[in-house]
Structures are given as structure tokens and as C-alpha cells.
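The structure appears right after this line, and notes come after that.
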Amino acid sequence: MRASRWVPPVVSWLVVVLVAVATTAGLSARYLTPEGAPYPLLSREVGDHPLLVLAMLWLSLAAYAAVFVALRTLVDAWRTPAPSPRPTVGRAARLVALVDWTFARWWRVSLVLAVLWLPWFVSSFPGQPSPDPSNMITEFLSRRSDFAGAPLLGDGSHTAPYVDYPTSSYLLTDGDSLWSNHHPFFLMLGYGSVSAVSVALFDSLVPALVVLSAASAAFTLLAFGRALAILGTLVPGWRPRALALLVLALSPLIALWSMAEHKNQLFCAAFVWWLALLARLVHSVGPVGLLGRRWYVETFAVSLVMAATVQFGWILLVAQTLAMVLMKRERVAVLVAVGVPAVLVYGSISAATAAGVLIPSDPVETKGVQLQVLALELTEHPDALTATQREDLSRIFDLDAFVASFDPSSTDPLKSTGPLARKTASFRYQTVRPEDWDTFDAIVLDVASRYPATAVDALFLKSSRYLDPFDEGTDWYPPWSPSYDRTIDGHRVAPLDLNLAARGWTRDRAFDCYAVSVCRPVISHGLRTIVVVLLLAAAIGVRRRFAWLWALPFALQLAIAGVSPLSAGGRYVLAFTYGLAVVLLLLAVEDRPASVPDRDPVKT
């Protein structure tokens, strides 16, 4: 049997096993962790209750296998969908007419979504910056000299961004500028420019925050409008289109996140738009030129947004470009509209960093998994390090503070990230040098090889929660808190008084819902992540055309979430919440190539 025949089903079932193992790890952590234990350890729970853990695994496998088989049947049936009867009378007929009317124009899709999400817009507008966007605004508006003589401890309102992060002192530029690429540089320029205009015109940052929040929500509506309308021309039946609208109507987190002054929601909105544009390309018949210049301009612009809004955006674009080139799918079009934006963004940031214009992101930011593994190893095995290893690591960390800072849900304390009032002394960012990192990875590997069970425990603590539907997660709600207090150059950023009571009430009710297991799926990122993963695995298993192409960007984002600072950060899998409806439409496209009736079938 050729590899091309057995690889897809094997890979798809391996995905099912992976999700089942992650869910089992979550169940054992919740129900088998000894009372009083500071954190769960999978190896301990398996050792103490082997039969019970095995039973949990078999139940999880059986449940996911049943769901997977059903999804595989559905995805296979959508390969060549049978004509569905269109009701002609009654409510069903009116529903079909509404779906047809909605998908006929992209602005109608946006309008319908705006109406469906209106309660969330009214109750939660505008968003409010969290520490990350606040630091981006501070970088643009402030100078390094503004923080000279700042107190070592305080309320955090007068803390330099490179101390909040923190950024190793050797990385700081020679000038007085605070511009950095710790958070996306171009997004910092955008947020900072709007904020500077707001201060100049109104002596307040409130107008800027209102504009940024409204622009983010409008961009989200535009992105979904274009995405659904484009895919609507490729999906023959009305049922998948109605299902996509229903999924979005039941996704209040998209509406709530769309108003955030952050980065992830902008990337995710661009991402769903981008997927639809790629589907338009690969399902077209004849020369790419039939799509017209608009496709190139639109895809180029959306790819730029993806690359500029998150650090990994350019990586995803390059990976997708290489995949499509290897598949021999419209190589020139992809290189121009997807590859070039990635090179432009990455190249310009690299050039600015090399010229000393930007403070680069600290290397510690890319070592989340290693930090978590090392911290658990040293917590469980205090004598794990040799004298030489301890000396080498002591140049990077205060090891006593490092171990004391261990938090199974986040690596931020290990990096000393956060306002001064709650900063740890773990990371020696003021004295660390580039060469101090030379032995770090080797030390982590050595310790992990001597205590492999603990290393596995750390990996599960770090990453498995993303594929556990019952996990409560962290950072799942748009990142603002009524208790967050921030002032930038004397201008209040948070708490933002505008609509504060309604925003607080909505947030409280959302958290109340999230605390109830029956209600949580309505606003859970985890459940949507698993559904998308299983849908794409099912498409691969039945060899749906282009299934690998749609799975690649989601797989990359799941891998990136696994190494992110948080162990179950909702915003790191936000693309799965945004992308579920789009994935349903992608898989509802017939496997045979679609025709291109005109240069731009999605009317304006």
C-alpha cells in the first residue's frame, strides 16, 4: 500500500488519540490530584491510580472516536453534497431567503452579524487596554528619560515598558527611544499614532481608545463579511451557510474580543478573511488572472495585517507559501500575495533592529517550554543541577527566586514579567549577557534526560490544557479588568469610565456562566479548538481536497500556543473560535474545482 493511502487515516487517528490523552490528563488533574498538592503531576496520578487513569483514557478515546467517526461521515458527505430541497412556504422558506439575501453581498453579512452581536456591542463597548497595549502606547508617547529616578516599587503606573516585560539591559538601544518589538512594532506605531493625535487634540487618551475599539470591531465585521461572502460563492447548499451564521451567532466571545485594544483579535479577523481568499484561489478554474487585480490587492493587504499584528504572523505566511509552492498550487500568485508581505514585515523589522532603531524582543520570550520544564524539575528535584550547571544558570536567574516563582499556569513569573508591585526577582535581566544563554538548552535537556517523568509532567502542565474541553483556561475573556489601574503621561487609560457599569456587569455574568460547566461551552475557546481540530483531522482522514492546506495554519497556531507564556491562554487559540464557522464552509466546498463566473463574484 502506498504511503499516500495510509498516511492520512493514521495521522487523523493520531490526532484523536492526542486529544483523548490531553483530556485524560485534565481529568486526572481535577479528580486524582492529592488533596493539598500544589499542582497536578501526571506521572504521580498514573502511578497512584493506574487503572482509574486507564479507564479515563478509554472513555475519552471512545467518546472522541464516536465524535470523529460522525464528523468524518459528515465531511465525506460534503465532498459531493446531494441537492437539498429548498422549502417554499413557511418559516423555513423565509429562513432560506434570509440566508440567500445575506450571502449575496459581503456588506449584508457584516450587517447581519452586527445585528446578531448588537447586545454585546452595546453592553461592552468600548474595550479597555490591558498591560500589553498600554505598554505599546507608552513606548510611543514616552521617552526613556521619563522614567529616570522612578521608584523601585510602586503602583506600576510609572514603570518603563522594558522593566515591565522585562527586557535584558544589553538589548536596549543607545538612544532615548522606547520603541521595541517585544509586541508587534507596526501595531505599536498604529496604536501610538492614534493616541498621540488624541492627546494633541483632546488632551485625553479616551477618544483614542474609543476609536481603536470601534475600528477593531468594524474590521472584524468587514473580515467576516468578506470571508463568508467569498466562501458562499463556493458552497452550493444553503444549510452549511446557515450553519456558519448560527455558529457565529452563538459565539459572543468574537463580538466581545472584537472591541479589544489588543493584537490577537486583529490577527484572527484577518486570518479568517485570508483563508477565504486562499480558498477562492485554489478552487478556481483557469488562469489566476480571471480573479482580477482585486484578489491580489486584497490578499496582499490582509497578509500584511497578519504579519504586522502578531509576532508569528510572518512564520505562518511563509509556511503556507512553501506548502502551496510544494503542492504546485498557483505558485506566483501565492509568492506575490502571501510570501512578499511576510518578507516585507520581517525584513523591515530586522533592518530597524540592526540599525538600533528598535529594542528587540528578549530571547527569554522564546523559551517558555524550557523554563517550565526546568522550574518543575528544580522544584521536584532540588539537587538536579551540577555545580557547573548551577553556576551557568545563576548568570541568568536567581535560582532560589526562580524556583519560588514556579506557577504551573504561566511562565511570566519565571521571566519576572509584570508591574513592579508584583514582579519577581527571578530573571537577572539587568546583568545577563548573550553568551550566558549558550548552555541553557543543553542544561535543560540534561536535567530532563535524568528525570524524564518530571519533564513529561511539565510538558503536560504547559500544553495539554488547550485540548481539554473541561479546562477553565486562563485569559479567555477580553483582557481587561475593572481593577487594572494605568496612567500614561498623566492621561488615564484604565479604568475607562465610559460604559463602565454595563461592561462590568457583562463581564461578571460571563464569568458566572464560565464557572458553570453546563454554560461554559457557550463561551469556551477549548471546546471550539477541539471541534476545529477534529473537523480538520476528519477531512484529512477521508482525503478531502486541500484538507492539509487548511490544517497547516491551525496546527502551527496550536504548536505556538503550546510554547506561549500561558498554559491555557484563551487568546492564543482565539483563531479557533474565530475560525470554526469558516472551517465549516471550507469543508462544505465541493471537491471538484469551482468555476469562476466573473472577475469578482462577491458583489459590493
Side-chain angles (χ1 to χ4, degrees), residues 17-18 21-54 56-57 363-416 424-428 436-468 471 559 561-568:
V17 172
L18 175 66
V21 170
T23 299
T24 302
L27 291 172
S28 67
R30 276 185 292 278
Y31 299 113
L32 302 181
T33 300
E35 186 177 354
Y39 41 74
L41 293 175
L42 183 62
S43 63
R44 179 187 60 207
E45 273 68 271
V46 171
D48 292 344
H49 310 279
L51 295 180
L52 197 51
V53 173
L54 185 61
M56 289 179 175
L57 177 60
V364 75
E365 296 295 333
T366 65
K367 302 182 184 298
V369 171
Q370 299 98 307
L371 291 174
Q372 205 74 337
V373 170
L374 182 62
L376 183 61
E377 293 277 9
L378 297 185
T379 301
E380 292 293 306
H381 310 286
D383 298 324
L385 297 175
T386 66
T388 301
Q389 290 173 337
R390 181 170 291 274
E391 181 180 356
D392 288 345
L393 287 178
S394 293
R395 288 192 287 269
I396 307 173
F397 302 102
D398 179 327
L399 290 179
D400 291 335
F402 181 83
V403 173
S405 302
F406 174 65
D407 179 350
S409 66
S410 175
T411 61
D412 281 346
L414 301 174
K415 301 180 299 178
S416 303
T424 70
S426 171
F427 182 36
R428 300 185 188 276
D436 295 336
W437 289 105
D438 291 346
T439 60
F440 177 77
D441 290 335
I443 292 173
V444 175
L445 285 174
D446 177 66
V447 175
S449 67
R450 287 188 281 116
Y451 302 99
T454 307
V456 171
D457 288 332
L459 292 175
F460 272 92
L461 279 173
K462 180 72 188 68
S463 305
S464 66
R465 295 171 61 192
Y466 285 107
L467 294 177
D468 177 5
D471 190 87
V563 300
S564 64
L566 299 177
S567 298

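Everything numeric in this text was worked out from a predicted model, so none of it was measured.
- Distance alone, capped at 3.5 Å, places no donor-acceptor pair between the T33 side chain and the L41 backbone.
- Between the T411 side chain and the P565 main chain, a donor and an acceptor come within less than 3.5 Å of each other.
- Proximity of M56 to L32: side-chain heavy atoms (C-beta onward) are separated by under 4.5 Å at one or more points.
- Scanning both residues, L57 and T24, for their nearest heavy atoms gives CA-OG1, 3.3 Å.
- You'll find the side chain of S43 stays beyond 4.5 Å of the side chain of T454, heavy atoms only.
- L376 contributes atom CG, which lies 12.5 Å from atom CG of L371 (distance to the nearest 0.5 angstrom).
- Taking every heavy atom of both residues into account, D471 and A568 meet most closely at OD2-CB, 3.8 Å.
- The local environment of OH in Y31 is sparse, with at most 12 non-hydrogen atoms from other residues, nucleotides or ligands closer than 6.0 Å.
- Contacts classified as salt bridge (Lys or Arg N to Asp or Glu O under 4.0 Å) and involving residues 27-47 (residues at least two apart or in different chains) are given here: R30-D468.
- Although no hydrogens or angles enter the test, the distance criterion places no donor-acceptor pair under 3.5 Å between the side chain of S28 and the main chain of V53.
- To the nearest 0.5 Å, the span separating CZ on R390 from CG on D383 amounts to 7.5 Å.
- Looking at heavy atoms from C-beta onward, L385 lies in side-chain contact with L399 at the 4.5 angstrom threshold.
- Nearest heavy atoms, V364 versus F427: CG1-CE2, 4.0 Å.
- The closest donor-acceptor contact from the side chain of S410 to the backbone of L566 lies at 3.5 Å or more, if one exists at all.
- Using a 30° and 60° split on the angle between ring planes, W437 and F397 fall in the perpendicular class, above 60°.
- Between T439 and the choices D441, I443, D436, the side chain to side chain contact (heavy atoms under 4.5 Å, CB included) rule is met once, by I443.
- Pairs of residues two or more places apart, or lying in two chains, that qualify as salt bridge (Lys or Arg N to Asp or Glu O under 4.0 Å) and include a residue from residues 398-416 are E365-K415, D412-K415.
- Closest heavy-atom contact between K462 and V563: NZ-C, 3.9 Å.
- When all heavy atoms are compared, the tightest approach of A455 to A448 is CB-CB, 3.8 Å.
- In this structure, F402 and L393 have side chains that are not in contact, with every pair of non-hydrogen atoms separated by 4.5 Å or more.
- Taking the side chain as every heavy atom from C-beta outward, L414 and Q372 approach each other to under 4.5 Å.
- Of all the heavy atoms in S567 and Y466, the pair that sits closest is O-CE1, 3.4 Å.
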task: Could you check F460 against V21 for side chain to side chain contact (heavy atoms under 4.5 Å, CB included), going step by step and ending with a plain yes or no?
output: CA-CA 10 Å; F460 272 92; V21 170; 3.7 Å; yes
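- In this structure, CZ on F440 lies 13.5 Å from CZ on R395, to the nearest 0.5 angstrom.
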